[in-house]
Structure formats: structure tokens, C-alpha cells
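The block underneath contains the structure these notes are about, expressed in C-alpha cells.
Below, all heavy atoms of this structure are taken into account, side chains as well, without hydrogens, waters or symmetry copies.
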Amino acid sequence: MSFSSLGLIDTITRTLETLAYTQPTPVQTQAIPAVLAGRDVMAAAQTGTGKTAGFALPLLQRLTMGGVQLAPNSARALVLVPTRELAEQVHASFKAYGAGLPLRTMVAYGGVSINPQMMRLRKGLDLLVATPGRLLDLQRQNALKLDRVEVLVLDEADRMLDLGFSRELDQVFAALPK
């Protein structure tokens, strides 16, 4: 089985070839077609099994093919992660997989100045990878509106709950469109 047989566009499959991704893993084989079809997906697998690519690849394709205009201070897709380290890692994966795609992405987390993040949001984003706390900070400062989010990914949702982000997640969910 190949990545193109899962329905991914040539631009993405060519990028995967340059990254030496030859065959999809089992979690990718199941997740990619489902995400491309717009279905909700919940996956649990060991570290190193390709879960990030399982949601990132079809999400990049959906954003590319969607052709929706970006709105100021908004994001079309939101990936929530529990830690800044994971935020950087996931965003780096999106950047690598999406090389050559005309998408605007950004990573946001606390512990660094919020001002550069606020400035980047002004033109709007296709994809935002963020920790819950910083996401809510950006929203409270009116630097981010969540009413244009089309896709939400909770990466390591169990860990976010273990770290006590339940209230923050509820606030994010309440701010998202139905």
C-alpha cells in the first residue's frame, strides 16, 4: 500500500518521498482516509507509530483543497497539545509534511512573549498548533477568534487531562463553532 492509494495528493506524496516515507503505518492506513472523508477519528497507538502523520497529512490536504480565504486573527484548523515541546514537535511535522503547500501555520505556547504570536495571527492562519493556556490567552487578548475553526485535533488528550487542562479545554470547546 502507498500513501497515494490512501487518497493523498501528489504534492504531499512527493514530499513524503523526499522524507523517506515509503509505506503508511497501520494507524495511518486507517486514519488518513477517515480524516480525508471528514469523519471524527480517535486513535491510540504507541509512540513512533505515525499518529502525527495520520492526522497531519490529511489535514494539510483538506486545508489546501479547501481554498477558503483566511480571516484576520483566526485559524481554520486547531491542534491542541499539552506541552510546548510537543507543540514545537507537531508544528515541525506539519511544516515538513506541508513543504511546498501554500499554507500559513504557526505554533503558540506560553513561557515566551505573546506579542510576536499576536502579530503573526493578524493575517490569519490555516493551522495553529497551541497549548490550551496560550490559546486562551490569545483569545482573551482578542488576537484570536475561534469562530472560523473548521477542524480540531486534540493530540495527547489523555495527557492534557492528566495535566489538569480540563477547565481550559471546556473553555476552548465553548468558543468553537458547533
Side-chain angles (χ1 to χ4, degrees), residues 1-71 74-109 112 116-117 119-132 134-135 144 148-160:
M1 177 165 291
S2 67
F3 282 100
S4 60
S5 70
L6 298 177
L8 293 172
I9 58 176
D10 288 343
T11 308
I12 293 174
T13 58
R14 282 194 304 271
T15 299
L16 292 175
E17 288 171 9
T18 67
L19 297 171
Y21 282 56
T22 56
Q23 265 190 315
T25 66
V27 71
Q28 293 163 353
T29 300
Q30 293 180 348
I32 290 171
V35 175
L36 285 174
R39 295 200 310 266
D40 292 340
V41 175
M42 184 170 76
Q46 295 292 333
T47 300
T49 57
K51 292 183 300 294
T52 301
F55 67 78
L57 297 171
L59 181 51
L60 287 166
Q61 180 166 315
R62 287 188 60 187
L63 292 170
T64 300
M65 305 303 280
V68 176
Q69 286 282 38
L70 297 181
S74 67
R76 296 173 53 208
L78 175 61
V79 179
L80 287 179
V81 297
T83 66
R84 75 177 78 185
E85 293 81 10
L86 185 58
E88 284 288 357
Q89 180 183 332
V90 169
H91 186 249
S93 294
F94 270 101
K95 294 292 278 183
Y97 303 147
L101 297 176
L103 299 175
R104 291 179 47 89
T105 68
M106 183 182 121
V107 61
Y109 48 80
V112 297
Q117 295 171 0
M119 296 297 289
R120 288 274 330 264
L121 282 164
R122 285 189 178 168
K123 292 182 181 176
L125 300 171
D126 292 291
L127 172 82
L128 174 61
V129 179
T131 56
R134 180 49 58 104
L135 179 86
L144 176 64
R148 302 264 180 150
V149 172
E150 302 165 18
V151 178
L152 171 67
V153 175
L154 301 176
D155 194 6
E156 296 195 13
D158 56 339
R159 190 157 171 226
M160 278 191 273

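- Across all non-hydrogen atoms, the minimal contact from Q28 to Q23 is OE1-O, 4.4 Å.
- Within the model, atoms CZ of R134 and CG of L80 stand 14.0 Å from one another, a figure rounded to the nearest 0.5 Å.
- Contact detail for R120 and R104: the closest heavy-atom pair is O-NH2, 3.3 Å.
- Going from atom OG of S93 over to atom CD of E88 covers 11.0 Å, rounded to the nearest 0.5 Å.
- Counting only heavy atoms from C-beta outward, the side chains of L121 and M119 never approach each other to under 4.5 Å.
- Between Y109 and E85, the side chains place no donor N or O within less than 3.5 Å of an acceptor N or O (distance only, hydrogens not considered).
- At least one side-chain heavy atom of P132 sits under 4.5 Å from a side-chain heavy atom of M160.
- When all heavy atoms of T11 and G100 are compared, the closest pair comes out as CG2-O, 4.4 Å.
- The side-chain heavy atoms of V79 and L127, taken from C-beta on, include a pair separated by under 4.5 Å.
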Check: So V129 and M106, side-chain contact (heavy atoms from CB on, under 4.5 Å) or not? Walk me through it.
Finding: CA-CA 6 Å; V129 179; M106 183 182 121; over 6 Å; no
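- By the 4.5 Å heavy-atom criterion applied to side chains, T13 and T15 are not counted as neighbours.
- What you find for S5 and S2 is that their closest heavy atoms are OG-O, 2.6 Å.
- The shortest side-chain heavy-atom distance between R62 and V151 falls under the 4.5 Å cut-off.
- Under the 4.5 Å side-chain criterion, counting only non-hydrogen atoms from C-beta, L103 is in contact with T64.
- Proximity of L125 to T105: side-chain heavy atoms (C-beta onward) are nowhere separated by under 4.5 Å.
- Heavy atoms of other residues, nucleotides or ligands lying less than 6.0 angstrom from CZ of R148 number 12 at most.
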Next item on the list: May I have the step-by-step check of side-chain contact (heavy atoms from CB on, under 4.5 Å) for L19 and Y97, ending in yes or no?
Entry: CA-CA 8 Å; L19 297 171; Y97 303 147; 3.8 Å; yes
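- A salt bridge links R76 with D126: at least one charged nitrogen is closer than 4.0 Å to a carboxylate oxygen.
- Two residues are said to be in side-chain contact when any heavy atoms from C-beta on lie closer than 4.5 Å; T83 and T131 fail this criterion.
- The CE atom of M65 sits 10.0 Å away from the CG atom of L36 when rounded to the nearest 0.5 Å.
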Notebook entry, point to check: Should L101 and I12 be marked as a side-chain contact (heavy atoms from CB on, under 4.5 Å) after you check the CA-CA gap, both sets of side-chain angles, and the distance that decides it?
Noted result: CA-CA 8 Å; L101 297 176; I12 293 174; 4.0 Å; yes
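- Put simply, the side chain of R84 never gets that close to the backbone of V112: no donor and acceptor are under 3.5 Å apart.
- To the nearest 0.5 angstrom, S4 atom OG is 11.5 Å from R14 atom CZ.
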Result block: side-chain N/O donor-acceptor pairs under 3.5 angstrom for residues 49-61, not counting sequence neighbours:
unit_1	atom_1	unit_2	atom_2	d
T49	OG1	Q46	O	2.7
K51	NZ	A45	O	2.9
K51	NZ	Q46	O	3.1
Q61	OE1	I9	N	2.7
Q61	NE2	G7	O	3.0

Next item on the list: Test side-chain contact (heavy atoms from CB on, under 4.5 Å) on L144 and L128 and set out the steps.
Entry: CA-CA 10 Å; L144 176 64; L128 174 61; 3.7 Å; yes
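- When all heavy atoms are compared, the tightest approach of G124 to L70 is O-CD1, 3.6 Å.
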